[in-house]
Amino acid sequence: MNRDSSIGVFDSGFGGLTVVRSIRQQLPGESIIYLGDSARCPYGPRPQDEVRGYVRQICSWLTGQDVKLIVIACNTATAAGLAMAQQEFDVPVIGVVEPGARAAARATLNRKVGVIATQGTVDSCAYSNAIRARDAGVTVFSTACPRFVEIVEDGLRRSDSAIEKMTADASDVYLRPAFQEIARDYLDPLKKIGIDTLVLGCTHFPILAPLIQQAVGEGVRLISSADETARDVAQTLERRGQLRSYAAGPEGLRFFTTGDDLDDFCGLARRVLRVDDIDVSHIDLP
Ligand code: DGL
């Protein structure tokens with residue numbers, strides 16, 4: 001592979017598009033190949049070794065596409081498979097947990113940090129270990145919020161508006177009484193504990209930021225790892241002399257899904273990334 005090769009990014013579905021968006025903002029010249037493993041979404045409730053197998057399979061497929069770097073844009077897959085992928089593949093592999101943990105350790109003042117994520121990520125203790133490796137005095141309170149993944153998927157499929165509109169404070173897509181009650185159930189205990197920082201430890205969750213912010217209160221700082229991860233990607237490519245120096249053409253974005261939801265995927269990618277010309281293909285992983 002060389003500096004003109006693509007960056008490979010994957011997630012269990014389309015949550016990782018929030019990371020692609022940040023990479024494109026910081027590195028507009030790079031080509032990206034994105035794989036959404038929609039046929040096996042959600043990863044959150046699955047055993048770690050099963051998810052690790054998926055990570056191995058997808059990294060093999062991406063290296064077959066000659067990518068120069070892989071981003072595991074899914075916290076559950078990062079927790080289960082990042083170490084394995086870094087050991088088994090020749091290209092650099094970057095996950096989303098460490099960048100989010102770093103930002104949280106930097107942001108907290110009272111050293112009480114909440115983490116909301118899938119069950120798999122919470123059970124792995126990946127965030128508490130990573131945050132406490134930076135500051136062992138931080139207390140981390142983790143809560144699994146599986147219904148948030150459902151809410152995001154459902155809302156994205158139902159609405160035609162651009163993501164910016166959906167996540168605006170006035171949006172009624174997610175600020176509905178039923179969703180607000182679910183958010184309160186998940187987040188009230190964290191609010192009562194007095195956290196000052198909350199990690200959105202699932203790549204689907206930044207899309208729910210207004211709903212989450214409303215439930216925990218304005219005083220709590222929300223951390224999404226997307227921007228930090230994109231910074232890690234930029235620094236890694238720069239260090240290796242592999243940054244592309246010219247703007248990617250229309251062929252700069254290629255999307256693949258293991259699901260049958262090509263139209264959904266295409267619509268969602270268009271809205272998250274604000275790009276009209278999006279081409280999505282189906283692939284079967286063996
Ligand atoms: N996007 C995945 C993550 O960041 C969660 C969705 C799933 O359960 O597959 O953990």
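Counting starts at 1 for both ligands and their atoms, following the listed order. Just so it is clear, the structure is predicted and the values come from calculations on it, not from any experiment.
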Handout entry: Straight-line distance of S6 OG to L69 CG, nearest 0.5 Å
Key = 11.5 Å

Problem - Atom pair CZ/CZ of R52 and R46 - distance to nearest 0.5 Å - result: 15.0 Å

For ligand 1, does [X] get within less than 4.0 Å through its side chain, its backbone, both, or neither, judged by non-hydrogen atoms?
{"X": "S12", "answer": "side chain"}
{"X": "T203", "answer": "both"}
{"X": "V96", "answer": "neither"}

Exercise for the section: Take atom CZ of R106 as the centre, draw a 6.0 Å sphere, and report whether it contains more than 12 heavy atoms from other residues, nucleotides or ligands. Expected result: yes

Handout entry: R270 atom CZ, over 12 foreign heavy atoms within 6.0 Å
Key = yes

Handout entry: D4/R244 ion pair, N-O < 4.0 Å
Key = yes

Handout entry: Salt-bridge contact R231-E238 (side-chain N to carboxylate O under 4.0 Å)
Key = no

Exercise for the section: Determine the minimum heavy-atom distance between V67 and S5, stating which atoms define it. Expected result: C-CB, 4.4 Å

Considering only heavy atoms of [X], which atoms of ligand 1 have at least one such atom less than 4.0 Å away?
{"X": "P42", "result": "7 (C), 8 (O), 9 (O)"}
{"X": "N75", "result": "3 (C), 4 (O), 10 (O)"}
{"X": "T118", "result": "5 (C), 8 (O), 10 (O)"}

Which residue owns the protein heavy atom closest to [atom], what's the atom, and how far is it?
{"atom": "atom 5 (C) of ligand 1", "value": "C202 SG, 3.3 Å"}
{"atom": "atom 2 (C) of ligand 1", "value": "C74 SG, 3.4 Å"}
{"atom": "atom 8 (O) of ligand 1", "value": "G44 N, 2.9 Å"}
{"atom": "atom 10 (O) of ligand 1", "value": "T76 OG1, 2.6 Å"}

Problem - Nitrogen or oxygen atoms of D11 and ligand 1 under 3.5 Å apart - result: yes

Problem - Output field: ring centroids F10/W61 closer than 6.0 Å - result: no

